[in-house]
**Student:** 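Take a look at the following structure, please.
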Amino acid sequence: MAVLVTGGAGYIGSHMAWALLDAGEEVVVLDRLSTGFRWAVPPAARFYLGDVGNMDLLAQVFAENRIDAVMHFAGSIVVPQSVAHPLEYYDNNTSKTRLLAEATIAAGIKHFVFSSTAAVYGDQPDDTPVLESAPLQPKNPYGQSKLMAEIMLRDAASAHDFRFVALRYFNVAGADLQGRTGLSTVGATHLIKIAVEAALAQRSGVDIFGTDYPTPDGTGIRDYIHVSDLVEAHLRALSYLRRGGEALIANCGYGRGYSVLEVLQTVMRVSGESFDVRYGPRRPGDAASVVANATLARRLLDWTPRHDDLELIVQTALAWERHLMERKIGDLRELQQRLATAAF
Ligand code: UDP
């Protein structure tokens with residue numbers, strides 16, 4: 001049987017595709033390449049170019065492959081973009097998840113793993129690690145769009161022979177330890193990506209969004225989790241569903257947070273480079289502190305994170321960024337050579 005990975009040309013999806021292949025699974029990737037790259041898909045995976053909301057294409061993918069589980073990574077993830085373009089987020093993250101769930105159920109596929117987010121929690125009354133049972137009060141359309149998808153999956157699981165695990169990701173960062181893939185998105189906005197770009201002189205510096213949060217140093221606190229630990233949680237979720245596990249929503253994080261300043265200091269220390277840091281206003285939609293209590297995933301999915309180490313996260317992110325720079329230089333050389341040999 002094969003696993004369908006939507007968004008498998010993207011950051012987390014490509015790590016997932018590699019991890020599934022490493023585990024001996026057959027992998028089918030569906031991606032429209034809006035932010036992902038064809039080269040990020042492992043060569044051993046079968047690739048379909050297209051949108052997860054295209055019902056004809058989904059029917060074709062399900063007819064042409066023996067798929068027993070869908071892992072749904074395709075989606076939009078930038079909080080400020082979701083504030084500016086809410087309807088796009090509700091379309092991409094909510095409506096298309098509904099279509100994918102419908103097609104999955106119609107094809108008789110019983111297992112679904114969904115990429116959800118800690119953004120469903122918004123600001124919590126205290127700063128202790130957040131449990132799945134905490135009040136759900138997203139501060140932005142991104143979090144709302146994912147929460148609505150969770151609700152639809154829960155109701156579908158009650159009505160049909162269909163079970164899902166929704167993993168609420170905290171701040172995913174770092175890259176594959178074997179250097180096979182990483183965060184390659186052009187114009188990515190995530191803090192560790194921005195900071196490693198600055199350390200490698202790919203940008204002029206880093207803007208800190210808000211210095212007046214109710215946190216010890218005034219900057220936002222997040223629980224940064226290595227992408228390889230996150231995909232491991234998905235592998236565990238897959239075996240849990242195949243064993244007959246009930247519908248489950250579980251946090252994925254380490255249970256400790258770092259402030260923006262701590263992250264920037266770590267990037268400077270690990271890279272040995274300093275860069276400009278500019279103190280700016282808060283970014284719309286941001287919560288002050290978001291840290292996971294992931295006891296449920298550890299207990300029910302038997303998940304044990306192995307890379308709970310901010311320095312390792314930063315090292316792998318730096319290594320991948322250097323790889324991307326070399327890739328760009330290689331592409332440029334190839335272009336120059338083609339231009340030099342072209343007849344005008
Ligand atoms: N952040 C920042 N400068 C940046 C990008 C992010 O100060 O250039 C802060 C942001 O306000 C938040 C934290 O870093 O407190 C993590 O933001 P990110 O966009 O990486 O992830 P999010 O938590 O929004 O999913």
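Whatever order the structure lists ligands and atoms in, that order sets their numbers, starting from 1. This one's a predicted model, so the numbers in the text were calculated from it and none came from an experiment.
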**Student:** Can you tell me how the ring of H15 sits relative to the ring of Y11, calling it parallel under 30°, perpendicular over 60° and tilted otherwise?
**Tutor:**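 The rings of H15 and Y11 stand perpendicular, inter-plane angle above 60°.
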**Student:** Between Y89 and H85, is the ring centre distance below 6.0 Å?
**Tutor:**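 Ring-ring flag for Y89/H85: false, centres at least 6.0 Å apart.
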**Student:** Is there side-chain contact between L191 and V260, with at least one heavy-atom pair below 4.5 Å?
**Tutor:**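 Yes, their side chains come closer than 4.5 Å.
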**Student:** Collect the protein residues that have a non-hydrogen atom under 4.0 Å from ligand 1 and hand them over in chain and number order.
**Tutor:**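 Heavy-atom contacts below 4.0 Å: N171, T189, H190, L191, I194, D207, I208, F209, G220, R222, Y224, V260, R283, D286.
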**Student:** Please find out if less than 6.0 Å separates the ring center of H234 from that of Y169.
**Tutor:**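 Aromatic pair counts; centres sit under 6.0 Å.
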**Student:** Check for a donor-acceptor pair, side chain of H160 on one end and backbone N or O of F162 on the other, with a separation under 3.5 Å.
**Tutor:**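 No, because the side chain of H160 does not come within donor-acceptor range (under 3.5 Å) of the backbone of F162.
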**Student:** So, does R163 use its side chain to make a donor-acceptor pair with the main chain of G245 at under 3.5 Å?
**Tutor:**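 Looks like yes, one N/O pair under 3.5 Å.
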